[in-house]
Undergrad: 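Handing you a structure now.
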Amino acid sequence: MNIIEVTNLTKTFSGINVIDDLSLSIKKGSIYGLLGPNGSGKTTLIRILLGILNYDKGEIFIIKKGMSSKETLKNIGYMPQQSSLYQDLTVFDNIKFFASIYNAEKNINFILDLVELDEIKNKKVSRLSGGMKQRCSLACALVHKPKLLFLDEPTVGVDPLLRAQFWSYFNEISKNNDTTIVVSSHVMDEAEHCDKLALIRFGKLIAEGSVSHLLEKTNSNNLENAFLKLSK
Amino acid sequence: MNLKNIISIVIRILKQFKNDKRTVALFFIVPLIILLLLGYMLLGQSTNLTLGLKNKDKGFLGKEFSNNLLHNKDINIKTENINQLKKDLLSNKIQGYIIFPSNFTNNFLINHTISPNIYLEGSQPQEVQNLLSNINKAYSIKGMKIKESIHYLYGNSKLNILDYFGPAFIGIIVFFLVFLITSVSFLRERSEGTLERLIASPLSKADIVFGYMIAFILLSFVQAVIVLLFSLYVLNMYNIGNILYILIIEFLLTISAVNTGIFLSMFSKTEFQAIQFIPLVIIPQVLLSGIIFTVNTEPPVLKTISNILPLTYAVQGLRIIMIKGKNLNSHTLLLDIIVLIIFSLLMLLGAFLTIKNTIDTN
């Protein structure tokens, strides 16, 4: 069963198609990767799916309710590319604020444990390291245990150890909560964690499928080569 | 210290400045706009001071002084019967009137003393001084004793410049600080990405705008009370009005300022750009809303602009409450409050459009 269906989506900025006739479908409970270089349209696509941006043409279905209505958004979590936190509030106050929007205050302690921020929950966000801010940002996106989670380049600027930890969180959430995760990345080796990938370039979908399917299709031994072959 | 390094920094800053078209425009054009406004106001100010005159004296002195007043080009003179003069003073058509009593010349001949009766509107110390000095110019005989009997419709002879400017400054302080803080906070919400997060949540635009409004109203209300108490009890500012009405005006001004702040944050991308709005939003209001110069004496074009500025109504409202002790029975105060409500609603709409625009143009 698909949780997201996008058909012939087009978005134009100043006469340029930043999303160009793009269609894709995402299965419920899966981890779906949007892979492509910087500026390929991944963030724009996520913002359109979240209702932050309008689009010019096409159709979108999310959780079977059309484009993100406020009702649909109750079941969606979003971790933007920049940490997007209130710098002068503590970790706890940031998470509490987002929890209160979704009536999910009861999950605060669980989420603090999950992202291992319990010990520093009373520290102001402005005093945290980049990695800790990312964890706090993830906690804010997860606190209401969403059915669908959008992660926009969640591991940018994160060290390899924390990156591995993040992927273990994502897998845990996906398995335990049956949460569908849509994650964008420009790092090809992260794609291996995804059940299905969309390779995007200049706003166009150049290929869609599992890692093994894409490698087989392009007769490549890694995704970087596969991406280069598909881009030609 | 290395000259080459310093030159590199200078060139870099000038290039940055050149590439920021808005800063270039504000830096060079805003001073000209402000000076133009100021010059136009000062040169174009019309003499709108009108003194009512009733000469009941049968002798030569009342006639002579009346003629002197009529020939004075610095003020307008209106001769009427006393009842009409009383009415005109109440409706502010005249700023005062003078009566030369029937025994005016006789008293002078017997006691070398003149005793005119002067009635002044009194709410503006500058006007009072101006009228009294023009009346004095009319006393063309040297060596006489002057025993004027001066009556004030509002205030008294002790009303000072602070009592007149105080209510206006209460208004501008509240408006300016609330506008600035809201504008920068809302901009930070956008630039740090948290607004995007809020838009992607179940919160509605109304939740966001009203959340901001209520939080800042609460803060500003505390600020308004502190400003008011300080003005009344530390600075001993003159007030014969009901404090509740002062707070109502401050409350409406706060709503306008919060929403103006949100609305104008739409046109800035950085806190630096938001700060650039200060001279554009604040200085014209300080010059045109009757804080320093009275709106009545402004040239017609500027008067039209003054009439659409919220601070004009807030300043007028605060003054008539504090100096004249007016309440909601006063049509002027009621109009001030209605205009402030309308402006608040318009700015509220602007704030909604700002958030919609944030969604559409991200």
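Within every chain, numbering begins at 1; the chains are lettered A, B, ... in the order of the sequence lines, protein sequences first and strands thereafter. As the structure is a computational prediction, the values presented were derived from the model and not from experiment. When reading the values below, keep in mind they use all heavy atoms of this one structure, side chains included, and skip hydrogens, waters and symmetry mates.
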Undergrad: Any non-hydrogen side-chain atom of A:Phe97 less than 4.5 Å from a side-chain atom of B:Leu198?
TA: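 Result yes, sub-4.5 Å side-chain heavy-atom pair found.
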
Undergrad: Does CD belonging to A:Glu59 count more than 12 external heavy atoms closer than 6.0 Å?
TA: no

Undergrad: Can you confirm whether more than 12 heavy atoms, excluding those of B:Phe27, are under 6.0 Å from its CZ atom?
TA: no

Undergrad: Of the backbone (N, CA, C, O) and the side chain (C-beta and beyond), which part of A:Ser83 lies under 4.5 Å from a heavy atom of chain B, both, or neither?
TA: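 When you check distances to chain B, only backbone atoms of A:Ser83 fall under 4.5 Å.
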
Undergrad: Can you sort out the partners of B:Ser185 under side-chain contact (heavy atoms from CB on, under 4.5 Å), two or more places apart, ordered by chain and number?
TA: B:Ile181, B:Tyr212, B:Phe216

Undergrad: Find out whether A:Tyr86 and B:Glu189 are in side-chain contact, i.e. whether some heavy atom of one side chain is under 4.5 Å from a heavy atom of the other.
TA: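 Yes, their side chains come closer than 4.5 Å.
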
Undergrad: Would you call A:Ile101 and B:Asp207 a side-chain contact if the rule is heavy atoms closer than 4.5 Å?
TA: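 No; the side chains remain at least 4.5 Å from each other.
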
Undergrad: Is the side chain of B:Arg197 donor-acceptor paired with the backbone N or O of A:Phe98 at a distance under 3.5 Å, no angle test?
TA: no

Undergrad: Where on A:Asn103 is there a heavy atom nearer than 4.5 Å to chain B: the side chain, the backbone, both, or neither?
TA: neither

Undergrad: Could you tell me whether A:Phe202 atom CZ has more than 12 heavy atoms of other residues or ligands within 6.0 Å of it?
TA: no

Undergrad: Going by heavy atoms in the side chains, are A:Asp152 and B:Glu196 under 4.5 Å from each other?
TA: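 With C-beta onward as the side chain, the pair stays apart.
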
Undergrad: Relative to chain B, which of A:Gln87, A:Gln81, A:Gln82, A:Lys74 shows the most heavy atom pairs under 4.5 Å?
TA: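 Sorted descending by pairs with chain B, the first entry is A:Gln82.
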
Undergrad: When heavy-atom pairs shorter than 4.5 Å are enumerated against chain A, which of B:Pro202, B:Ser201, B:Gly193 gives the highest number?
TA: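 Option with the top pair count is B:Pro202.
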
Undergrad: Count the heavy atoms of every other residue, nucleotide or ligand shown that sit under 6.0 Å from CD of A:Glu119, and state whether that count exceeds 12.
TA: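 No, not enclosed.
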
Undergrad: Which atom names give the shortest non-hydrogen contact between B:Ala200 and A:Leu50, and what distance separates them?
TA: CB-CD2, 4.0 Å

Undergrad: With a 4.5 angstrom heavy-atom cut-off, is it the side chain or the backbone of A:Phe150 that approaches chain B, or both, or neither?
TA: neither

